[in-house]
Amino acid sequence: MTLRDDLRQAIADARDRAIADGVLVIPDGTTLPSIGLERPAKPEHGDWASNVAMQLAPVARAAPMRIAEAIAAAFGSQPSVLAVSVAPPGFLNIRLDPSWVAGQVGAIRDAGPSYGRGTAANPRRINVEFVSANPTGPLHVGNARGAFVGDVLSRVLTAVGHEVGREYYFNDFGTQVVNLGLSVLARRSGTDIPEDGYRGAYVDDLAAAAPDDVLARADASPDDAGRLVGAWATERVRAGIEDSLDRLGVRFDVWKEESTLHDEGWVGRAVDRLRASDHVYEADGATWFRSTAFGDDKDRVIFRSNGLPTYFASDIGYVTEKLSRGFDELIYIWGADHHGTVARVRNAAEAMGHDRAAVRMLLIAWVRFVRDGEEIPMSKRSGEFITLDEVLDEVGVDAARWFFSSRAFTTGIDFDLELAKKQSNENPVYYVQYAHARASSILRNAADVGLGPQAADTGKLLDHPAEQELVRHLLDFPDALAIAAERRETHEVPRYAYELASAFSAFYRDCKVLTEDRPLSEARLALVDATRSVLANGLDLLGISAPETM
RNA sequence: GCGCCGGUAGCUCAGUGGAUAGAGCGUCGGCCUCCGGAGCCGAAGGUCGCAGGUUCGAAUCCUGUCCGGCGCGCCA
C-alpha cells in the first residue's frame, strides 16, 4: 500500500459512510465510479486532490459541491492528513500534516534500498522476453531501445514484487542461418553475395575468421555448406551479442533457442492441441491455424506445403513452453514492425485455452538514426548500420539508458548522433547523478566535523517549505514506481528522478545543512541521507550508476 | 485500400476526463566572501494537425479528415 492507496481508501471509506448515513443517496445497483486522485500542480490545492464528488454527481443526482462537502465531513481522522477541504467546482483537496510528513524521513532512510518496493497488490510470475535480435549480425542501436526498455521494465516489475524471468529468444532455425553462411562463403571466394544474403563489415570479419575445419566440412558437402558455415557464424555472432549486452548492463535469465521448441516437441504438441479443438485445418498442402475465428484478417500458415514450419509455428510452441514454466503473464517486447503478428499469437494462445490477457506484446516504436540531418539506414542486409559499440563510445551507457527509458516506447524518436554527442554533457542524467554526488559530499563533510544523520525529531524540526517539499517528493517515490509497473512503462522513473533532484537542489539552495544548530543540522542530514538513498534507488531502477563523486 | 502507432513551445519529449497545458535542450537577462556553479533565479516562446460530437468540464473519449512511420507472405 502506497500513500496514494491509503488516501484513496480513506476517501472511499468517507464516501461509504456518507452513503450509510443517508447524506449521500446512490440508487441501488449502480456501480460507483473510480476515485481519481492526483498531486495538484498548485500548492493552494493541497497535497492531493480528488475528483470523486464530480464523478459521483451524475449517479447521486446532486451538486458536486454538496457531495464533496458530505465526503469531507465524513472523512475519518488520519495521522497523515491535516485537513480536507472543498473547492469549486467540487474538488476534494487534502492537505498532509507537515509534522507527519517530516516525521517520515527516518522511515524512508531506514528502509534504504527497499523503500517503495513490494507494493504490488497481487505479485505474479512474469516472463519478459526482449531484444531477441537475430544472430545474423551484431546488435545495432535499433536494438538498444528494446534492450533498455526490457531491462528497466524488468527491474521495475521486480521492484514492486513480481517474480520476473528475463528471456532472450534466439532464432537459430531456418533459412536466415543458411543465408548468413552463404554470405560468408561468398565473401571468402570473392563471388557475389546472394540476394537474401548479408552485407557489412562484420561479414568480412566472419569470412576472415572462419576456421579451417568448418570450411573443410563445407567443402565436403556443398549442398549443406551454407548451413554448416551459418551454424558456426551464428555462434560467433551470438558471442558478440552477449558481449554487447554485457556492456549495456543487460542480463538474461534464459536464452531460449528456437530449435529446441521443435526438438523438444513443443511445436508439435501445440499444433495437436489446436487440431483437437478444430482450430487447425489442411489446405493447399499446408497446415493452417483458423485465426479468423478470433477476428484476424486471414488464417495463418503453420506448416508450409513443403513441410517446413513457419516462424509462427515456433511462436505457438513457445507460448505453451513459456506458460508451462509457471508464468502468469508473458510480456513480449517487439519492434513496431512486428505488430502484424501480435493478433495471431494471442489468438493461438486463446485457442489453446490460455488467458488471452496474459499474453501481452509491447511494441517499441522505431528509432530513426540521423547524422547531420541525414537518415542512416539500419538494415543488416544493406550492410550499413551503426553498431551499439559505436554509439556507446560516443555518448556513454548512462546517457543512452536515460535517453531511451525517458520516452514512451510508443513514440517514434529521432536519434541524431551528432546532437547526442553534443548533448551528452548536458544530459539530465548528470543532473540526477550530480544531486546524488552532492548529497554524498555533504554527508562526508558532516562526518569530518563529527555530525551525523539523526532522524528522531525530524517531525518537529523540518518545517521549512523547501524541506517539506523535498520530503513530499520522497513520499511520491512508491507511487511513481507503482504507476510505472502498473502501466508497464519506464519513463515515469526518470521523470520522477529528475523532479526529486530538482527538489533537492531547491532545498540545498534554501537550507544550509551544516550549521551551528546541532539538532537541526542532524535532522537535515537525515533528510539529505534519505534523499541520497531514494536517488540511488531511482537510478538503480534505470541501471544507472549513483556516483559519490563526479 | 485495410490495420497499428504517432502529430503538444524553435528542437527532443511529458501530460491515459479536471483547476492558468509542463520539462529538458536552445535563445535572452541576472547570480560565485557561503555545505560541489555538472548549479540557481527570471524572461520570451502554444489556434495541443484540422473539423465536428459526447461531457458540468476534452490535449485526453467518439466520428471524420490531413500529414508522418510501420505492417498487411506458404519471409523472419
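Treat the numbers as computed from the prediction; the structure is a model and nothing was measured. Each chain gets a letter, A, B and so on, in the order the sequences are listed, and its residues count up from 1.
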G-U wobble or Watson-Crick pairing nucleotide for B:rU47 (cut-off 3.5 Å, both distances):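 Paired with no nucleotide.
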Round to the nearest Å and state the distance from [X] atom [atom1] to [N] atom [atom2].
X	N	atom1	atom2	value
A:Leu535	B:rA38	CG	C1'	15 Å
A:Arg509	B:rA38	CZ	C1'	17 Å
A:Glu516	B:rC35	CD	C1'	13 Å
A:Tyr508	B:rC35	OH	P	6 Å
A:Glu195	B:rC75	CD	P	15 Å
A:Ile483	B:rA14	CD1	C1'	13 Å
A:Phe312	B:rG73	CZ	C1'	14 Å

Mind checking [X] for me? I need base, sugar-phosphate or nothing, with any heavy atom below 4.0 Å counting as a touch.
X	result
A:Glu44	nothing
A:Gly412	sugar-phosphate
A:Asp296	nothing
A:Thr411	sugar-phosphate

Nearest to side-chain heavy atoms of [X], which nucleotide of [options]:
X	options	answer
A:His339	B:rC4, B:rG36, B:rC34	B:rC4
A:Ile413	B:rG36, B:rC13, B:rG71	B:rC13
A:Thr310	B:rG36, B:rC74, B:rA19	B:rC74

Distance, [atom1] atom - from [M] to [N], rounded to whole angstrom:
N	M	atom1	result
B:rA58	B:rG17	C1'	7 Å
B:rC28	B:rC35	P	29 Å
B:rC25	B:rU60	P	29 Å

Main-chain N/O of A:Ala501 paired with A:Ser505 side-chain donor or acceptor, under 3.5 Å: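 Indeed, once roles are kept as given, a pair shorter than 3.5 Å links the two residues.
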Any donor-acceptor N/O pair, A:Thr2 side chain to A:Asp5 backbone, under 3.5 Å: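 Checked: pair present.
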Can you tell me how the ring of [X] sits relative to the ring of [Y], calling it parallel under 30°, perpendicular over 60° and tilted otherwise?
X	Y	answer
A:Trp334	A:Tyr332	perpendicular
A:His279	A:Phe294	tilted
A:Phe173	A:His262	parallel

Ring-on-base stacking B:rA19 with A:His45 (under 5.5 Å, under 30°):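 Aromatic stack with B:rA19 present for A:His45.
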Base of B:rA19 and ring of A:Phe91 stacked, centres under 5.5 Å, planes under 30°: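 Stacking is present between B:rA19 and A:Phe91, given that their ring centres fall under 5.5 Å apart and the planes under 30°.
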What does the list of N/O pairs under 3.5 Å between the protein and nucleotides 57-59 of chain B look like, with a distance for each?
none

Residue that, paired with A:Leu153, satisfies side chain to side chain contact (heavy atoms under 4.5 Å, CB included) out of A:Leu362, A:Leu541, A:Val493: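 Per the side chain to side chain contact (heavy atoms under 4.5 Å, CB included) rule, the option paired with A:Leu153 is A:Leu362, out of A:Leu362, A:Leu541, A:Val493.
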Is the phosphate of [N] approached by [X] (side-chain N or O, under 4.0 Å from OP1 or OP2)?
X	N	answer
A:Asn427	B:rG24	no
A:Arg368	B:rC70	no
A:Tyr496	B:rA14	no
A:Arg304	B:rG73	no
A:His491	B:rG15	yes

Sidechain N-carboxylate O distance under 4.0 Å for A:Arg346, A:Glu350: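 Salt bridge between A:Arg346 and A:Glu350, a charged N being under 4.0 Å from a carboxylate O: no.
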